[in-house]
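Throughout, protein chains are lettered first and strands after them, A, B, ... in sequence-line order, and every chain is numbered starting at 1.
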Amino acid sequence: MDISSALDRLANYRIRNSRASRDVFETGIPFLNNAQSKFGDESGPFLEQLALASIDVGRIDIAEDCFTQLTAKFPGSPRVECLEGILKEATASPEDALAFYEKILDADPSNAVRVVSGMSSCLPSNCTGLLQAAWKRQISVLRRLGSIDRVVEELSTLLDTFYTDVEGWLELADIYASCGQYSHALQSLSHVLLLAPQNPFYVLQAAETAYTSGDLPLAIKFFLMVVDMTDEVEGSPEDFNPTGITVRAWHGVELTARRLQKEPRLASSSASNTSSPQHLPVLEKLAKDMLTKAHST
Amino acid sequence: MGATSAPSLYLDPQIRDWVLFPITVVMILVGILRHYVVLLLQTPPKKLPRAAIREQRALMQSNVLRATSANSPIPFTLYKSISQNLSKAFVDGKYLKDGPPKGDAPSTPPNPLTDPQAMDGMMAGMKTQMVMMVPQMVIMGWINFFFEGFVLIKLPFPLTLGFKSMLQRGIQTPDMDVRWVSSLSWYFLNFFGLNGLYRIILGGDNAADAAQNMAASPFAAAGAPQPGQPQDYNKLFKAECDNLEFSEGLHKWVGEDVETRILRKYGRIAP
């Protein structure tokens with residue numbers, strides 16, 4: 001493999017924020033000691049990328065090497081500090097990592113953040129600022145330690161400040177769901193839907209959460225929305241074989257429609273006051289037909 | 001015809017060597033120097049306390065909510081609870097940096113001249129402006145003093161008389177061919193034309209280009225709302241409440257009639 005295509009691939013991973021750790025590690029390792037000459041201005045982001053990938057594949061020694069180079073290059077940079085925290089998470093105990101993040105966040109009395117545009121692309125998560133990055137790492141360590149009440153509290157504060165953090169909202173929904181608080185999870189997911197209305201996977205998650213919480217009319221509507229978003233119907237819809245997420249959504253439609261017909265009382269017990277859909281038998285029949293088609297091919 | 005096609009003027013090659021080239025080279029070098037001086041003058045981005053970020057971003061929440069309201073991905077009950085919570089927070093001033101406003105204190109818009117943070121921003125603009133202006137004035141003075149009325153170069157293409165004032169500034173001759181360019185005009189051509197060269201030498205967003213900075217005066221920038229400019233968030237939040245209420249009326253869930261839409265699409269009920 002020639003060098004320029006390898007460099008292109010690494011840059012591509014960085015831009016898309018992909019976590020192809022094995023590939024990044026294997027492609028990047030030859031450039032570890034001559035990053036500056038190969039990458040120029042991009043050497044910092046590259047070393048960070050390689051360090052994160054090495055932690056993922058368990059080569060802490062390489063990650064530490066990257067970290068030493070980065071510290072020499074950018075002394076006192078908050079971004080490198082955040083990487084140090086991630087390194088600590090991988091090597092030291094979670095308590096140590098937590099103490100480290102708390103130190104970063106309290107270092108500035110005002111809990112300051114330096115919002116730098118363009119800095120977000122290489123951080124482990126899509127963050128607008130470094131405060132947000134360290135903060136989110138802190139929250140994830142807290143969750144690992146199992147102190148759910150503190151996690152929810154911190155995460156809510158974070159989301160109140162950085163409202164557009166879809167990842168954070170999803171995490172919050174996941175935490176609520178893990179505690180059985182499905183209506184709270186649904187509320188978090190509704191923020192996710194507002195922020196990323198184009199993503200059918202989030203709608204599917206909302207549908208399944210609504211189903212679990214017992215709000216069947218809402219669930220079937222969400223399932224149908226997923227179908228509506230994902231079936232690429234060209235010409236006659238009957239020729240179309242549902243695949244992937246659409247199949248799962250059809251399963252949801254079938255299940256919900258069947259239960260709603262069997263127990264009509266469920267239709268009126270919607271927490272979100274959603275009216276029960278009409279044509280339930282037809283919907284169930286359609287869903288069954290689509291599923292038969294999906295599974296018979 | 002034969003007489004006019006011959007050049008009516010001969011320029012001393014020394015003009016080329018000692019006037020045309022020096023002016024061009026000096027202007028390029030000054031541009032590059034200015035780029036680096038501006039880089040030195042730039043202060044690192046301000047650190048913002050957490051409360052201030054929260055205040056700045058609070059409006060984004062309602063913007064996201066309002067932008068989707070006509071084709072909302074969430075049903076009305078969920079939408080309404082978010083919307084009502086938000087307007088309540090706005091009315092109570094929950095998002096304000098300094099906490100809810102106290103009692104009936106008169107809400108005066110912050111004065112940019114007394115706020116030290118805003119003053120810093122304005123000073124930074126002025127400093128950059130000075131770095132732009134001073135070298136240009138010096139170069140122009142230099143050209144005016146030493147090379148006034150020099151004819152430097154002949155353009156290789158004919159031009160109409162309209163270009164006379166542009167190309168022969170500083171020479172009061174009515175009947176000289178428009179193609180001859182005077183020293184002062186050469187300065188202006190460089191002044192506006194070197195941007196492309198700077199972009200090649202210094203990269204995309206360089207600070208060497210004087211022309212674009214001329215248009216933006218520091219005070220024009222101060223008038224327009226920009227990040228870092230003090231704004232009366234309390235007032236903005238109050239206004240946002242009305243917008244939220246309005247959007248609530250427009251709300252329509254995309255899932256409202258999704259089942260009939262799907263059944264129609266699959267031909268199960270009559271369209």
With rounding to the nearest 0.5 Å, note down the distance linking [atom1] in [X] to [atom2] in [Y].
X      : Y      : atom1 : atom2 : value
A:F162 : B:Q61  : CZ    : CD    : 12.5 Å
A:L283 : B:L263 : CG    : CG    : 4.5 Å
B:E259 : A:H279 : CD    : NE2   : 7.0 Å
B:N63  : A:Y163 : CG    : OH    : 11.0 Å
B:I82  : A:L194 : CD1   : CG    : 5.0 Å
B:R57  : A:T164 : CZ    : OG1   : 5.5 Å

Next item on the list: Decide yes or no on side chain to side chain contact (heavy atoms under 4.5 Å, CB included) for A:D228 and B:K265, but give the supporting numbers first.
Entry: CA-CA 9 Å; A:D228 200 18; B:K265 189 150 87 173; 3.0 Å; yes
Next item on the list: Verify whether one side chain among B:Y95 and A:D160 offers a donor that lies under 3.5 Å from an acceptor in the other.
Entry: yes
Notebook entry, point to check: Can you tell me if A:K221 uses its side chain to pair, donor with acceptor, with the backbone of B:V258 under 3.5 Å?
Noted result: no
Just checking [X]: does its [atom1] atom have more than 12 heavy atoms from other residues, nucleotides or ligands closer to it than 6.0 angstrom?
X      : atom1 : result
A:K73  : NZ    : yes
B:M60  : CE    : yes
A:Q261 : CD    : yes
A:R258 : CZ    : yes

Item checked: Per-residue contact mode, B:S81 against chain A (heavy atom under 4.5 angstrom) -> neither
Checklist line | Among B:F76, B:Y79, B:W253, residue most engaged with chain A (heavy-atom pairs, under 4.5 Å) | finding: B:W253
Item checked: Residue, of B:T68, B:T260, B:I262, that accumulates the most heavy atom pairs under 4.5 Å with chain A -> B:I262
Checklist line | Shortest non-hydrogen separation from A:L193 to B:P73 and the atoms involved | finding: O-CG, 3.5 Å
